[in-house]
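This report concerns only the one structure given below.
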Amino acid sequence: MRARTLENLNVTNYEAVEEELFTEQQERDAPLKRWEMPVFKAEYTDSLSQAYVLSVYYDGESRRAGLKLYDPETRKIHFWLDNTRHLPYCLSDLSIDELTAIDGLTGHPGFIELQAVKKYDALEDREIEMTKIVAKDPLSIGGRRSSIREKIPKAWEARIRYYDCYTFDRQLLLGMPYKIVKGDLVADEDTLTREAKDKIQNLFAGEAPEVRAYIDQWSTLFQCPIPSLRRVAVDIEVTSAVETRVPDPREAMNPIIATSMVDSDGGRRVLLLRREGVEEGTRRLPSDVDVEYYDDEEAILAEIFKVLLEYPVVLTFNGDDFDLRYIYHRAMNLGIRRESIPIVLGERFAHLTYGIHVDLYKFFFNRSIQIYAFSQKYTELSLDSVAKAILGVGKVELATPIPQLSYSDLAAYCLNDSEITLQLTSFDDELVMKLIQVMMRITKMRMEDLTRQGVSSWIRNLMYFEHRRLSYLIPRSDDILESKGKATSEAIIKGKKFKGAIVVEPKPGIHFNVNVLDFASLYPSIIKVHNLSYETILCTHKQCRTNTIPGLPHWICKERKGLSSLIIGSLRDTRVKMYKKMAKDRSLPTNLQNLYNVIQLTLKVLLNASYGVMGAASFNLYCPPLAEAVTAIGRYAITKTVEKANAFGIEVVYGDTDSVFLKAPTPSQVNELLGWSEEELGMELEIDKVYRYAVFSHLKKNYLGVYPDGKVDIKGLMGKKRHIPAFLKRSFMEMVEALGDVQSPSGFEEAKQRIRDVVRTCYKSLKGKAYSLDDLALKVMIGKPLRRYVKTTPQHVKAANLLVEAGQEIKTGDIISFVKTTNALGVKPVQLASIREVDVNKYVEYLKSTFEQVFDALDLDFQEIMGISKLESFLWNYEDT
DNA sequence: ATCTATGGCAAGCCGA
DNA sequence: TCGGCTTGCCAT
């Protein structure tokens, strides 16, 4: 390590100082090899036949917006700088004269000019005069204490990042193809023929012209081919001083001992650092893998940099926080010049000078992606568990710590990580890469941001883009709040802001032939049908006040179409009437079906979040009355549907938010109900599923439904919760299996006998301490930093504290495996416990409560089963001795 | 700079 | 001992 660093020298001329340091070091450690590390220079072309925009950024040097375009022919990134003289700006409601009078505004070093502009104020429903304050660079607008936006009383559109502002003004379609003609950026022609467009429009013949215009836009975006992007997955391994601690990427004290790179063309490389005393090992890697040995860590870094400067897309799993950050700081520590490092580090991100870095950890962490795109297939967020859940392959299991691995074991381990990282983007015909690109096209976000930010950013960006297109003033959050006020309904759950959905009281028991009807994407439908948007709810017109919402004092505008209603409504229609149907159309080639499935999935993700963000204070267009209007209309819809079903003589056994469970209705009864909904509510009610039979207890959100083919749907029951012990899950699944075999009411006796046996066997195993610690472990996630558990100390936190005492590092998101014990604390982490300490009675309680959720309906009694079991267990123990 | 919503259940904690 | 509160996980 160098004794002097850039930080403690406290100078600004880094380059000169680095050179000096380098020379010093050279003298000390001479001779020192310098590896070829070219400084990245973007190359610009003024002619390009077709390339897809992947990213937009602000180029500080030229003070212009820049684009990164992917050329599918050369499979390279091309750079383009804005040539339209677009500049950063914000808006003010003051006149030019008034602004000129403000101290330090026109005299601001970054100030350029004032322009009068007309905007449409959606909150007030009128055209207004605003003044555009134009500046030389984004930081002059905002981001500094002395910035222009701080000098005026009220600024609009001043917190939009410059490259987004550029995107909106240019109406740049991120993810779509463009050409460069004589230096100008030109949209590639629309690939859809007039015929195709007409065909699509025919599907939406009944819709309003505004809606059809949007559908035209969406289908143009979706029907355009999606390129397969050349990409590489990168992973590094580092030695660590303390085994249980992850090395700090900001310190980067330890050498990078292995790097793997796996690319989309099948190339696989592992670079290993030669170290003393490391054995070759016996593991054989596939023959096509390039295993390269290096004596010098700097040479490995040089190779990594080459790769980072070669691939248009670089994939990592947690590269923002670890791999790329570590590489950067390690390079700095080794005295490599900053300009030679092709990584641009932010506080939380690591971007690349050449391509796009996609951190898949961030993307898979996104709740909407987890739930709606992958239906909660993975719930833990390690590379291992995500890969296991989605790809069916996990990480290589390690018996020894990384620093002590042989070369071949280390290589295999490191290679595997990059392989599965790449596979996360390749499986199912590149589903994830396509999803990302389709989502970019809808939201107009650059790839780096889209993969890192959540749904509220996605929807915000999409909405902002439309505001600019239509010359709407983008409202300030506090203006919406002031104009529309807070929510008026009272939530059922304490601490919530407004009232949500209705859950219909279940009728306990077993019901045969249950038809489940639901509204196809209820909330987006409501937003569409009822013209809901921040500007249409509680609008300024007197004449609209009679157009009220059931159960609320709010009214909705009759004069103007709401922007979010149009956008969300048209996206909903495009999904439901086009892509969902085409994804299932067997007459289409499978690759097309696949693509359409990606599109409908992407839309599903966005639509399902569209209502939620309206009620989220963090959303820039947050509007509580709007959110509560959506749920109020939802409550009205389900309540009316239940009433109507009853009126038709159908028994409703359950319902939740957007669904009703009907007991053995006749087909004509169902059809009557569906027709009534279309007619009276204006919303499509459809048959979602049919159960051979369903089992309900008295609990809401807890039931079990058996399909005609014997498959079982389990909802909310303890037996399926992630954190319960494995032995319980197994026994529960055995019960489920028995229930799946029941064909008719008379078949229950046999199933019940099987279930009795399952429970008894389980009980006996518990009492006999036949289960392993792993089988008994509860696995509960640490939801926040340990120090923040101040109000109570839950059991998993107690167990975690014991692990911390034992020297282990515990962070948010970690899953603690612990068993219930008879000691004073009541718990112990599995790693520290022994089977003798296990509190059997606690587990019997668990067994009881898990099964009793279903026993009520089956007319089974836990105590009774245990009664027999106790006798049997006595006999069993007796025989044993 | 970042963060979609509410309803519902089980279990355990902790103060009255 | 009781009951409100906290926490995690799930349904929609």
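Per chain, numbering begins at 1; letters A, B, ... match sequence-line order. Just so it is clear, the model here is predicted, and its values are computed rather than measured.
Ranked by how close their nearest DNA chain B nucleotide is to the 5' end, A:Val613 and A:Glu490 are led by A:Val613. Taking the nucleotide of DNA chain C with the nearest heavy atom to each of A:Thr657 and A:Lys721, the more 5' of the two is matched to A:Lys721.
Rounded to whole Å, the separation between the C1' atoms of C:dA11 and B:dT4 comes to 16 Å.
Checked by atom type, the side-chain pair A:Glu448/A:Ser55 shows a donor-acceptor distance below 3.5 Å. A:Glu505 and A:His698 form no side-chain donor-acceptor contact under 3.5 Å, judged by distance and modelled atom types alone.
For C:dT7, neither phosphate oxygen OP1 nor OP2 lies less than 4.0 angstrom from any side-chain nitrogen or oxygen of A:His796. Contact check, A:Lys499 against B:dA5: no side-chain N or O comes under 4.0 Å of OP1 or OP2. OP1 or OP2 of B:dC3 lies within a sub-4.0 Å distance of a side-chain N or O belonging to A:Ser457. Applying the 4.0 Å criterion to OP1 and OP2 of B:dG7, one finds that A:Lys700 has every side-chain N and O outside that range. For C:dT6, neither phosphate oxygen OP1 nor OP2 lies less than 4.0 angstrom from any side-chain nitrogen or oxygen of A:Lys494.
A salt bridge does not link A:Lys486 with A:Glu628: every distance from a Lys NZ or Arg NE/NH1/NH2 to an Asp or Glu carboxylate oxygen is 4.0 Å or more. Under 4.0 Å is where a charged nitrogen must lie from a carboxylate oxygen, and between A:Asp656 and A:Lys700 no such pair does. Classification of A:Lys444 and A:Asp164 as a salt-bridged pair fails, no side-chain N sitting under 4.0 Å from a carboxylate O. For A:Glu643 and A:Lys640, the salt-bridge test passes: some basic side-chain N is under 4.0 Å from an acidic carboxylate O.
Counting any heavy atom pair closer than 4.0 Å across all strands shown, A:Gly500 reaches sugar-phosphate atoms only and no base atom. A:Arg348 comes within 4.0 angstrom of sugar-phosphate atoms only, judged by non-hydrogen atoms across all strands, and of no base. Across all strands shown, A:Asn702 has heavy atoms under 4.0 Å from sugar-phosphate atoms exclusively, and none from any base. Using a 4.0 Å heavy-atom distance criterion, A:Ile714 is classed as a sugar-phosphate-only contact. Residue A:Phe498 is classed as a sugar-phosphate contact, given heavy-atom separations below 4.0 Å to backbone atoms only. Note on A:Tyr703: only backbone sugar-phosphate atoms sit closer than 4.0 angstrom, heavy atoms only; bases stay farther off. Within the nucleic acid shown, A:Glu347 has no heavy atom closer than 4.0 Å to any nucleic acid atom. Using a 4.0 Å heavy-atom distance criterion, A:Ile493 is classed as a base contact. Within the nucleic acid shown, A:Ala627 has no heavy atom closer than 4.0 Å to any nucleic acid atom. In this structure, A:Lys362 reaches neither bases nor backbone, as no heavy-atom distance under 4.0 Å exists between it and the strands shown.
In this structure, A:Ile492 atom CD1 and C:dA11 atom P are separated by 20 Å, rounded to whole Å. The distance between atom CZ of A:Arg161 and atom C1' of B:dT2, rounded to the nearest whole Å, is 10 Å. When rounded to the nearest whole Å, the span between CZ of A:Arg367 and P of C:dT12 equals 15 Å. Here B:dG8 presents its C1' atom at 9 Å from OH of A:Tyr654, a figure rounded to the nearest Å. Between the CG atom of A:Asn620 and the C1' atom of B:dT2 there is a distance of 11 Å, rounded to whole Å. Straight-line distance from the NZ atom of A:Lys701 to the P atom of B:dG7: 9 Å, rounded to whole Å. Here B:dT2 presents its P atom at 16 Å from CD1 of A:Ile459, a figure rounded to the nearest Å. The nearest whole Å value for the distance from the CG atom in A:Leu462 to the P atom in B:dT4 is 15 Å.
Taking the centre of each ring, A:Tyr163 and A:Tyr57 stay at or above the 6.0 Å mark.
Sorted by first and then second residue, the pairs that involve residues 455-464 of chain A and meet side-chain hydrogen bond (donor to acceptor under 3.5 Å, both in side chains), not counting sequence neighbours, are A:Gln453-A:Ser457, A:Tyr464-A:Asn620.
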- request: With side-chain contact (heavy atoms from CB on, under 4.5 Å) as the test, would you mind laying out the steps for A:Glu686 and A:Phe519 before giving the verdict?
  value: CA-CA 6 Å; A:Glu686 49 188 34; A:Phe519 292 100; over 6 Å; no
Base versus backbone protein contacts along nucleotides 11-16 of chain B [heavy-atom cut-off under 4.0 Å; B, S, -]: SSSS--
